[in-house]
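Start at 1 with the first residue, then count along the sequence.
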Amino acid sequence: MTWFYLVIAGIFEVVWATTMKLSHGFSQLGYSLATLIGMSLSFGFLALATKHLPLSIAYPVWTGIGGAVSSIIIGVTLFHDQLSPATWIFVGLLVISILGIKLTS
């Protein structure tokens, strides 16, 4: 269940990062509220995960799932961000690193 909480925390990290962008500097009330709710849920699930996982495992996986890999995918698909081929290589390495942390912990 601990890893499930961590994945959910990572998903809500993507939610709040995306809605924060859509809020246009917190000038759109709906997206601003969604950002705050997403943050609360993300931190809440991270807190649940860190009850049983070391911080040195939970935090990098949380930021890797939500802050890095998923946000990159959202940025490319939703906001049409352009990434170089070299950047995609490093995204792949990040995914491998997250899986490695999970498999060795």
Are any of the side-chain heavy atoms of [X] and [Y] separated by less than 4.5 Å?
X: L53; Y: W3; answer: yes
X: V61; Y: I65; answer: yes
X: L93; Y: F90; answer: yes

If you measure from [atom1] on [X] to [atom2] on [Y], what distance do you get to the nearest 0.5 Å?
X: M20; Y: M39; atom1: CE; atom2: CE; result: 5.5 Å
X: T104; Y: L99; atom1: OG1; atom2: CG; result: 10.5 Å
X: M1; Y: I8; atom1: CE; atom2: CD1; result: 9.0 Å
X: T63; Y: L46; atom1: OG1; atom2: CG; result: 9.5 Å

**Request:** Only one of Y5, W62, Y59 passes ring-ring contact (aromatic ring centres under 6.0 Å, His included) with F43; say which it is.
**Result:**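 The single option meeting the ring-ring contact (aromatic ring centres under 6.0 Å, His included) with F43 is W62.
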**Message:** Do L41 and L33 sit in one hydrophobic cluster, given that two such residues count as connected whenever their side-chain heavy atoms are within less than 4.5 Å of each other, even indirectly?
**Reply:**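 No; L33 is not reachable from L41 via cluster members.
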**Item:** Fellow cluster residues of L83, listed by chain then number, with links counted only when side-chain atoms sit under 4.5 Å apart
**Value:**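 When side chains under 4.5 Å apart are linked, the cluster holding L83 also contains I72, V76, W88, V91.
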**Item:** Co-members of the apolar cluster containing F79 [side chain, <4.5 Å]
**Value:**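 Other cluster members: V14, L22, Y31, I74, L78.
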**Prompt:** Considering residues, nucleotides and ligands other than F4, do more than 12 of their heavy atoms fall under 6.0 Å from its CZ?
**Reply:**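 At most 12 heavy atoms, drawn from other residues, nucleotides or ligands, come within 6.0 Å of this atom.
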**Message:** Looking at every non-hydrogen atom in both residues, tell me the closest pair between T50 and A58 and how far apart they are.
**Reply:**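 Heavy-atom minimum between the residues: CG2-CB, 3.7 Å.
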**Prompt:** Taking all non-hydrogen atoms of both residues, which atom of A68 and which atom of L94 are closest, and how far apart?
**Reply:**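 Minimum heavy-atom separation between A68 and L94: CB-CD2, 3.1 Å.
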**Sequence neighbours excluded, every pair satisfying side-chain hydrogen bond (donor to acceptor under 3.5 Å, both in side chains) that has a member inside residues 11-28** =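 Every side-chain hydrogen bond (donor to acceptor under 3.5 Å, both in side chains) pair that includes a residue of residues 11-28, provided the two are not neighbours, is T19-T35.
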**Request:** Keeping the roles fixed (side chain from S42, backbone from A9), state whether a donor-acceptor pair exists under 3.5 Å.
**Result:**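 Such a contact is found between S42 side chain and A9 backbone.
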